[in-house]
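Here is the structure we will look at.
The sequence lines fix the lettering, A, B, ..., with proteins before strands; numbering per chain opens at 1. Basis for what follows: all heavy atoms, side chains included, without hydrogens, waters or symmetry-related copies.
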2 protein chains.
Amino acid sequence: MKKRITLKHIANEFEVSIATVSKALNDSYEISVKTKEKIQQYARAHNYKPNSVALSLLNKKTKTIGVIIPNIMNNFFAKVFVGIEEKAAEKGYSLISCISNESHEKELKTMELLKNGTLDGFIISLAEETQEKEQYQHLKNAINEGVPLVMFDRVTDEITCDKVIVDDFEGARHATNHLIKTGCKRIALISVIDNLSVGKLRAQGYEQALIENNITINPKHIVKIGKNEDFETAMKIVLADKTIDGLLCLEESSAVQSLELVKRMKYQIPENLSIICFTNGPLPQYVSPKITTISQHAKYIGETAATMLIKRLESTTEIPFETKVVKTSLIERESTKKLA
Amino acid sequence: MKKRITLKHIANEFEVSIATVSKALNDSYEISVKTKEKIQQYARAHNYKPNSVALSLLNKKTKTIGVIIPNIMNNFFAKVFVGIEEKAAEKGYSLISCISNESHEKELKTMELLKNGTLDGFIISLAEETQEKEQYQHLKNAINEGVPLVMFDRVTDEITCDKVIVDDFEGARHATNHLIKTGCKRIALISVIDNLSVGKLRAQGYEQALIENNITINPKHIVKIGKNEDFETAMKIVLADKTIDGLLCLEESSAVQSLELVKRMKYQIPENLSIICFTNGPLPQYVSPKITTISQHAKYIGETAATMLIKRLESTTEIPFETKVVKTSLIERESTKKLA
DNA sequence: CTGAAAGCGCTAACAT
DNA sequence: ATGTTAGCGCTTTCAG
């Protein structure tokens, strides 16, 4: 085990000062070509790497971004993370990543912990619990302390900062419209995420589409299922209404589960019942029939968030805060009828 | 935007030395109770946080672990990551994470980049390309430079370090045996990962089970499908042999795809054809029939890897290298027959 | 062309 | 009980 070599070692080796070595390695014009060459060569041979901790201390920049994500097992967040990672790596930033696991406390603690100089800025999507409790003090603190922040997907109006969000309202509205255009008349909304900002927006988009099409909103068709309720039981209650001919599921797992259920109940899909769900992960495309989904362009969201943050970090001037809204796309598959 | 407060500020405030402030905040016996109280209170009021970069420079420890993962969209790796994260957070470590994206170059570059003092150690699973090319110089370098390393899942004998691996051989052997016990006589092996160490081990386990049961190994039943080959075409060629009554798929997506295919071909599952696959992700359990899987205990692997690394980092004495082998579990579902 | 000195924020041994 | 000094590894004036 050879230990890491420092400027000091090199300086001793050639009996010059540390400053000279530093300059030589930075190819300063102040140093003679001869000296530069021998020092650079020695450094290369001994695999010298500047200690980035020392540089961070000096520059008060760590070139590191903190990423706080509610749940990496969620396909959407995993994809966003990939986007962030790619952009960050491209721009020479490292990522310190934390999984809040939907816990407010974990989110808060890691933010406090990391605001100690290790990070230049944060990219965060709020934990479910944070959105439920509406406790945003930790975010306000970060802002106050001048730590740049970019929020994505699960955001809040309480905080003024850069944001990247999905056009959830429009995505749901468009999907609902699509169901209607393909002949569905009685569409149920299945939400297991009504505690999330995005869940609420999607529900609003659904209602808007119904209104625009002069369809009366039937509260019985709006199914909000909590963590502790049994999904299948709740679904059976809705599906007792045999006239239901469309399902808009606000995330993928409820769509896949519903699909299994209605298949067992002998529905023909999409003939008697159409299904669309949010989140374009592997699940909806591996089941049969393949489920039509609303893509949120997760990776692009990640890239955008990273780009926004890095731009702010590297800007010398003040930049006004921005909220970027990413449009969704409907990916038609087998669970919906074709447009005539 | 208030700026981060330092010991110096506090020292100025009370007209004492920086050392006094430092000691006061560390509750040193050297400092009078009065002084301690007023300084601590001031620090709290002004939200003082020690600058961890300065501390890292001083202690030559960053309390940060680098995690290099081939692909976070892969359910197995995502789960391992969760395990690592949980353990690391518990022990007060942060994670710098990189996705190698199966690229040797990305893996190599990030390792070189991060070996600059930012990290205390690495947890890594090799990129596919690294295993194919068998280029391990970057890992050897890390070892030589005294950077502790823990490898998991995709490892190599070329490197001597702590390892956490799955008992892939035994998992495949056990699964194959299970198929045989439930009546399967002609079992095909479906591998899209024969370029990976784990893929090879699983294939060996399969063969071992056949040998033990006096079943002749039929090369036509061993299907290795490369990245550029069409999965469905390859499967149809195998399934032209109508006597095949079992499939052992070495990862989940090929199992799900096979399932769809054989369902279309009107096989009854598990009556005429049984299926088992590796990796216990959501996919196999959401399809119908639910697929029997081999769980690798991904999260536990992550926890173990993190524990091993941290133990080494915090140990003052030399610890011999260890390889922990995690046993798989068979999770029986609907795609296999019940044992009599 | 090279070096001495200061400083990034902090701790610890050593005065006083 | 408090302060001084040195140093972690590096860059950057400013002198020489």
Side-chain angles (χ1 to χ4, degrees), chain A residues 2-40 42-43 46-64 114-120 145-147, chain B residues 2-40 42-43 46-64 114-120 145-147:
Chain A
K2 339 172 226 185
K3 262 186 58 190
R4 149 150 295 105
I5 192 179
T6 69
L7 292 188
K8 207 178 182 177
H9 298 326
I10 307 184
N12 284 338
E13 181 72 23
F14 293 103
E15 294 184 314
V16 293
S17 74
I18 295 177
T20 304
V21 178
S22 170
K23 288 175 187 166
L25 291 177
N26 290 314
D27 219 3
S28 161
Y29 66 94
E30 290 179 283
I31 306 296
S32 75
V33 178
K34 247 187 277 175
T35 320
K36 280 202 277 195
E37 270 177 0
K38 70 178 182 194
I39 289 182
Q40 287 175 3
Y42 182 91
H46 290 74
N47 193 28
Y48 168 78
K49 286 219 192 64
N51 181 319
S52 70
V53 175
L55 288 176
S56 292
L57 183 58
L58 204 56
N59 302 325
K60 303 179 157 226
K61 280 192 191 169
T62 58
K63 282 270 206 174
T64 303
L114 294 174
K115 275 186 334 191
N116 58 5
T118 13
L119 291 183
D120 293 347
E145 291 163 32
V147 184
Chain B
K2 340 169 225 186
K3 261 185 60 190
R4 150 150 293 106
I5 191 179
T6 69
L7 292 188
K8 206 180 184 178
H9 298 326
I10 307 185
N12 285 336
E13 182 71 23
F14 294 102
E15 294 183 312
V16 292
S17 76
I18 294 177
T20 304
V21 179
S22 170
K23 288 174 189 165
L25 291 177
N26 289 315
D27 220 3
S28 160
Y29 66 94
E30 290 180 280
I31 305 296
S32 75
V33 178
K34 247 187 277 175
T35 320
K36 279 202 276 196
E37 271 176 0
K38 70 179 182 191
I39 288 182
Q40 287 175 4
Y42 183 91
H46 290 73
N47 193 29
Y48 168 79
K49 286 219 190 65
N51 181 320
S52 69
V53 176
L55 288 176
S56 293
L57 184 57
L58 204 56
N59 303 326
K60 301 176 159 233
K61 281 192 190 168
T62 58
K63 282 271 209 172
T64 303
L114 293 175
K115 277 188 330 192
N116 58 5
T118 11
L119 291 183
D120 294 346
E145 291 163 31
V147 184

Next on the checklist: If the cut-off is 4.0 Å, is Lys60(B) near the phosphate of dG9(D), judged by side-chain N/O to OP1 or OP2?
Outcome noted: yes

Checklist entry - Does OP1 or OP2 of dG7(C) have a side-chain N or O of Lys8(B) closer than 4.0 Å? => result no

May I have the distance from [X] (atom [atom1]) to [N] (atom [atom2]), rounded to whole angstrom?
{"X": "Glu30(A)", "N": "dC14(D)", "atom1": "CD", "atom2": "P", "result": "12 Å"}
{"X": "Ile10(B)", "N": "dG9(C)", "atom1": "CD1", "atom2": "P", "result": "13 Å"}
{"X": "Leu57(B)", "N": "dG7(C)", "atom1": "CG", "atom2": "C1'", "result": "12 Å"}
{"X": "Asn116(B)", "N": "dC8(D)", "atom1": "CG", "atom2": "C1'", "result": "16 Å"}

Checklist entry - Which ones in residues 13-26 of chain B lie close to DNA chain C, meaning a heavy atom under 4.0 Å from one of its atoms? => result Ile18(B), Ala19(B), Ser22(B), Lys23(B), Asn26(B)

Checklist entry - Looking across every strand, which nucleic acid part, if any, lies under 4.0 Å from Leu55(B) by heavy atom: base, sugar-phosphate, or nothing? => result sugar-phosphate

Item to check | Pairs flagged by salt bridge (charged side-chain N to carboxylate O under 4.0 Å, His left out) wherever residues 50-62 of chain A is involved - sequence neighbours left out | outcome: none

Checklist entry - Between Asn51(B) and Tyr29(A), which has a closest nucleotide on DNA chain C that is more 5'? => result Tyr29(A)

Checklist entry - What closest approach, in Å, do Gln40(B) and Leu25(B) show between heavy atoms, and which atom pair accounts for it? => result CA-CD2, 3.9 Å

Checklist entry - Sub-3.5 Å donor-acceptor pair from the side chain of Asn116(A) to the main-chain atoms of Thr118(A), do we have one? => result yes

Next on the checklist: So if I take residues 31-40 of chain B and measure heavy-atom distances to DNA chain D, which residues fall below 4.0 Å?
Outcome noted: Ile31(B), Ser32(B), Thr35(B)

